[in-house]
Structure formats: structure tokens, C-alpha cells
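Computed from a predicted structure; not experimentally measured. Reckoned from all heavy atoms, side chains included, excluding hydrogens, waters and symmetry mates.
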Amino acid sequence: MLVAAAVCPCPPLLVPEVAAGAAPELDALRAACLDAIGVLAAARPDRLVVVGPSGEAGRGTHPQGAVGSFRGFGVDLEVRLGAAETVPERALPPSLAVGAWLLSHTDRAGAPVEGLGVAESLPRDRALSAGRELAASAPRVALLVMGDGSACRTVKAPGYFDERAEAFDAAAARALGTADTEALAALDEEPAAALQASGRACWQVLAGAAEDAGLSGRLLCDEAPYGVGYFVASWS
């Protein structure tokens, strides 16, 4: 059963070493993420799963101890998803590496942790089903759900400006902030893809996991500093 969830964005710039001189610009967002993750430890989960968007190479499960690197972003920095005696060969995708970095800076109360890389194009029904399976996998499950909103809020955004972006992000933020699983499940796949909203499928995994959990939500941050929607929420 899902007992808690934290929702965070996944830009590598959340890691100060990657952001370098721009790190202070995301201080408030970074702090909100760490606050949201604090709720996970307080829920005393038996299993903690970090869910994040991934390309083909990083899709599927990643065991505890998996390593992610930020070398592709110009920084010689590695992070590990929890502690393990052996290091799995397959590397974490960037979204899960950011999640691992966040977890390394919080108290996760010793719960076993693993990762799940999700295709951004994963259909709604399959995402909901994956979430239900996660919720049923242990008596007390917690999720750290990584993913960004639209990347089209301004002309300087990665996806340029799209007038639909603000409304899409507002709907997503409202659903995440109120733990509205029906509204999350209703997010349309096609506009999400057009707006480059990497979090859509992961949020729908969360919606499936939380269907019968009776959780309440709180929106801790809603920003678009680089024309990309970044949301932080906690569910408990």
C-alpha cells in the first residue's frame, strides 16, 4: 500500500556541482525537494522506489546500489542509489541520478530503495497499472516521483513557446498539490508529449499507486525559471 509520496522535478541543475554559478537560482526549489522527501522517511516505508523518466537504455528496474553519473553534464560526480556491497553494471538514467542525489542529502530511515525508469511515452493505462503493482508490492510503499512539466513556457524554453503550456502546467500542479489521482490520470498524452512534459507518465504511475490510499497532498513549489515547469509536492 502506498503510504507517502514526494514529487520532484529532475533537471540535473538541481545538483549544485552541475549548476555551478547558477546554483543559487534553484536554492528554493532544492530546499522544497528535500522537505518533500522528508515526508517519506516519516512514513516508515518498507520499500522506497524512485520513479523517473528515462530513455530506452535506462528503462525498467534499478537495484539498490545502482550508480549514476553527471559526467555527461561536464561534472566528474557519481551518486549511488542507497548503499550496496556490489555495484550493478547498468547506470542510472539522469532523472534517477538526480533522485539519488536528493536522497543522499536526506534521512530516508534505512528503507530499501530501488529505481524504476519509465518511458515518457508510456500509455496512461500501462502507467496506472505499473503504479498499482508498486503499491501492492509491500505493506508500506513510498515513492519519490521525478519529472518535469512542460518545456514550452517561454520563447527561451527548450521547446520554445507554446500557448498551451501554462494551462497544462496549472492543471498538473493543481492535481499534484491536491493528490487528485483522477485529474492526474486524465492528463492527455498527446499534449504532454508535444509540450515535452517528461513527468506525465511518472505522475500517472503515482496516480495508479495512490488510487485507494486516501492520501492528501501539499504543493511546496511551482516554478518555471527556465521556461520549464518544476513542481514539488508531498503526499501523506
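Residues Val79 and Leu40 share a hydrophobic cluster, clusters being chains of Ile/Leu/Val/Met/Phe/Trp/Tyr side chains in contact below 4.5 Å. In the hydrophobic clustering of this structure, Trp101 groups with Leu81; members are Ile, Leu, Val, Met, Phe, Trp, Tyr whose side-chain heavy atoms approach within less than 4.5 Å, directly or through other members. Under the 4.5 Å side-chain heavy-atom criterion for Ile, Leu, Val, Met, Phe, Trp and Tyr, Ile37 and Val39 are members of distinct hydrophobic clusters.
A donor-acceptor pair is defined here as one N or O able to donate and one able to accept, closer than 3.5 Å; no such pair exists between the side chain of Gln204 and the backbone of Leu128. Side-chain N or O atoms of Ser95 include one that pairs as donor or acceptor with a backbone N or O of Pro53 at under 3.5 Å. The main-chain N or O of Ala172 is never found under 3.5 Å from a side-chain atom of Arg200 such that the two would form a donor-acceptor pair. For the pair Arg140 (side chain) and Arg44 (backbone), a donor-acceptor distance under 3.5 Å is present. Counting only distance, with no hydrogens or angles, the side chain of Arg124 and the backbone of Ala185 share a donor-acceptor pair below 3.5 Å. Judged by distance alone, with hydrogens and angles left aside, the side-chain atoms of Arg30 form a donor-acceptor pair with the main-chain N or O of Ala23 at under 3.5 Å. Formation of a donor-acceptor pair under 3.5 Å by the Gln64 side chain with backbone atoms of Ala83 is found in this model.
Nearest heavy-atom pair across Ala111 and Leu48 is CB-CB, 4.5 Å. What you find for Gly82 and Val113 is that their closest heavy atoms are CA-CG1, 3.8 Å. Listed here is the closest heavy atom pair of Pro9 and Met146: O-CE, 3.2 Å. Closest of all the heavy-atom pairs between Leu34 and Leu102 is CD2-O, 3.7 Å.
Under the 4.5 Å side-chain criterion, counting only non-hydrogen atoms from C-beta, Glu114 is not in contact with Val50.
More than 12 heavy atoms of other residues, nucleotides or ligands lie within 6.0 Å of CZ in Arg132, so this atom counts as buried by the packing criterion. For Glu78, the CD atom counts as densely surrounded, since its 6.0 Å shell holds more than 12 non-hydrogen atoms of other residues, nucleotides or ligands.
The side-chain contact (heavy atoms from CB on, under 4.5 Å) with Leu2 is formed by just one residue from the set Leu134, Leu143, Asp212; it is Leu143.
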